[in-house]
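Working notes, beginning with the structure itself.
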Amino acid sequence: MESDRPLDALNAARGKRVIVELKNGKQFVGKLKAFDIHINTVLDEAEERENNEVKRKVGKVFLRGDTIILISPE
Amino acid sequence: MESDRPLDALNAARGKRVIVELKNGKQFVGKLKAFDIHINTVLDEAEERENNEVKRKVGKVFLRGDTIILISPE
Amino acid sequence: MESDRPLDALNAARGKRVIVELKNGKQFVGKLKAFDIHINTVLDEAEERENNEVKRKVGKVFLRGDTIILISPE
Amino acid sequence: MESDRPLDALNAARGKRVIVELKNGKQFVGKLKAFDIHINTVLDEAEERENNEVKRKVGKVFLRGDTIILISPE
Amino acid sequence: MESDRPLDALNAARGKRVIVELKNGKQFVGKLKAFDIHINTVLDEAEERENNEVKRKVGKVFLRGDTIILISPE
Amino acid sequence: MESDRPLDALNAARGKRVIVELKNGKQFVGKLKAFDIHINTVLDEAEERENNEVKRKVGKVFLRGDTIILISPE
Amino acid sequence: MESDRPLDALNAARGKRVIVELKNGKQFVGKLKAFDIHINTVLDEAEERENNEVKRKVGKVFLRGDTIILISPE
């Protein structure tokens, strides 16, 4: 079956490491734990990165959907 | 049971200390008392922090959901 | 009964003095008279403050919910 | 009867002079003629003010709700 | 009959010349042809003005409601 | 029949060349192919213009409604 | 059959390479895999471009609809 809805792509990434970029320029990388139709997203084992360097470890993090620009596999 | 909705993650953090980052760059840390589907959030025993230093104690605080970027365990 | 919805916390503050911070950096302090699910809020005996000094008395004031960042007991 | 919904406060101000502050920093003063649940607001005999001085008379003016920060009796 | 809904005021201005101010600071003046509940607005014989001088003639123009700050009779 | 809904004006422009101005200051000119109630808009044979000079040809382009300020016949 | 809804134009571009411009000025080019009514969009074999030069390869990427300005065939 060919998936052709955007959330199917997110679903396929569940449990895998993804990069999430926010509107304020911040970047979080972690294991995609959960998301919903608002693109509210939870990452596990997450870290904030700046210029591809780890800025801090945040563990589990809930990101409000409307702050997210993109989600991409690491 | 594996929780896989973002609000389940918030629910698991209820009663625990969390960091809430706002779109204006402010950071509040407190005990997660309540939240709703808009991510309107109430913290108890809360304080505002700047560069990891306590800026002021605010006790209980209601944060409007649309100003929130992320919520993470302290 | 343990209240665990954010608006319950606002309800408990009804009639008490609260601080309301707005997205434009302004701060209003007054008696919480009314609010609704949009967080549209009415304060009585309100004043605008800047750096903790009273800037002007505004009496009763209606604040549109989407301009509000936080509400906290004074 | 105690009014405790925010729009009740606006309703009580109908026909009276109010100050309306907008997100772009502008201030309009006029007689509150009409409003709706979006806080779309119509003022009669209105004027735009800057630093408490009248900048221009606008007569009747329709203000789109989402540009409004606050409404307060003059 | 006393009109007391904001859109009634716009309805009364239909066919008359109005000033429309936008969030980006631009000002359009024209004959109010149509509007809807989102305040999407169509002006006929419209012109863009800057500092009360005509900047360009645009004829008919559709203005998306969420860009509008105010509508006022010319 | 007199059309008095804003989308009627867009409908009348279907198949004709229009100017679309965006919130980021960009301007697209093309043949109005399609639009919907969100003002999502498709132009054919479109070009981006800056200061009335063609900056680039884009052929067919889908413009998300919430980025649009105005649509006007060329 | 003549398609005259904006999403029909996106549908016709499915599987083809498109340029997506975001509100933050970034540009992504890739094969249009999926989209929905919010214009949430998934690109395959995608790359970020700056001034028409490839800045980085991102493979598959989910773009949140409200950050998108335009989508156009490459």
Side-chain angles (χ1 to χ4, degrees), chain F residues 3 5-51 53-74, chain G residues 1-55 60-74:
Chain F
S3 77
R5 289 172 304 176
L7 297 202
D8 292 338
L10 290 187
N11 212 33
R14 208 186 277 264
K16 297 177 189 155
R17 286 184 74 76
V18 295
I19 302 169
V20 181
E21 290 190 10
L22 304 188
K23 287 180 184 164
N24 67 358
K26 290 189 175 181
Q27 200 181 54
F28 287 85
V29 182
K31 205 161 71 176
L32 181 59
K33 172 77 176 162
F35 63 88
D36 62 23
I37 55 164
H38 307 292
I39 320 304
N40 292 322
T41 297
V42 175
L43 301 180
D44 272 344
E45 300 162 33
E47 58 199 33
E48 187 185 337
R49 288 201 200 158
E50 211 171 73
N51 302 317
E53 284 180 32
V54 177
K55 201 175 143 196
R56 57 170 179 157
K57 304 270 186 187
V58 290
K60 188 185 288 281
V61 65
F62 171 94
L63 299 162
R64 198 174 188 270
D66 78 323
T67 69
I68 291 176
I69 290 176
L70 67 83
I71 302 176
S72 183
E74 195 186 18
Chain G
M1 197 204 82
E2 186 66 352
S3 76
D4 57 4
R5 290 171 303 176
L7 297 202
D8 293 338
L10 290 187
N11 213 31
R14 208 186 278 263
K16 295 176 190 156
R17 288 185 71 77
V18 295
I19 301 169
V20 181
E21 291 190 9
L22 304 188
K23 287 181 185 165
N24 67 357
K26 290 189 175 181
Q27 200 180 53
F28 287 85
V29 182
K31 204 161 72 175
L32 181 58
K33 172 77 176 162
F35 63 88
D36 63 22
I37 56 164
H38 308 291
I39 320 304
N40 292 323
T41 297
V42 174
L43 302 180
D44 272 343
E45 300 162 32
E47 56 198 35
E48 187 185 336
R49 288 202 199 157
E50 211 171 73
N51 302 317
N52 293 316
E53 285 179 32
V54 177
K55 201 175 143 196
K60 188 185 286 283
V61 65
F62 171 94
L63 299 162
R64 198 174 188 269
D66 77 323
T67 69
I68 291 177
I69 290 176
L70 68 83
I71 301 176
S72 184
E74 195 185 18

To the nearest 0.5 Å, what is the distance between [atom1] on [X] and [atom2] on [Y]?
X	Y	atom1	atom2	value
G/Ser72	F/Glu48	OG	CD	10.5 Å
G/Arg64	G/Asn40	CZ	CG	6.5 Å
G/Ile19	G/Leu70	CD1	CG	8.0 Å

Next on the checklist: Please classify the contact of F/Leu63 with chain G as side chain, backbone, both or neither, using a heavy-atom distance under 4.5 Å.
Outcome noted: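 Both parts, heavy atoms under 4.5 Å.
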Next on the checklist: For F/Asn24, which atoms come within 4.5 Å of any heavy atom of chain G: side chain, backbone, both, or neither?
Outcome noted: side chain
Item to check | G/Ile69 versus chain F, the contacting section by heavy-atom distance below 4.5 Å | outcome: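 Its backbone and side chain both get close to chain F.
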Checklist entry - What part of G/Glu21 lies closer than 4.5 angstrom to a heavy atom of chain F: side chain, backbone, both or neither? => result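 Contact with chain F: side chain only.
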Next on the checklist: For G/Asp66, is there any backbone N or O sitting under 3.5 Å from a side-chain donor or acceptor partner on G/Lys23?
Outcome noted: yes
Checklist entry - Testing F/Lys16, F/Lys60, F/Lys31 for salt bridge (Lys or Arg N to Asp or Glu O under 4.0 Å) with F/Asp44, which one passes? => result F/Lys60
Item to check | Winner by heavy-atom pair count (cut-off under 4.5 Å) against chain G, out of F/Phe35, F/Phe28, F/Phe62 | outcome: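 The candidate making the most pairs under 4.5 Å is F/Phe62.
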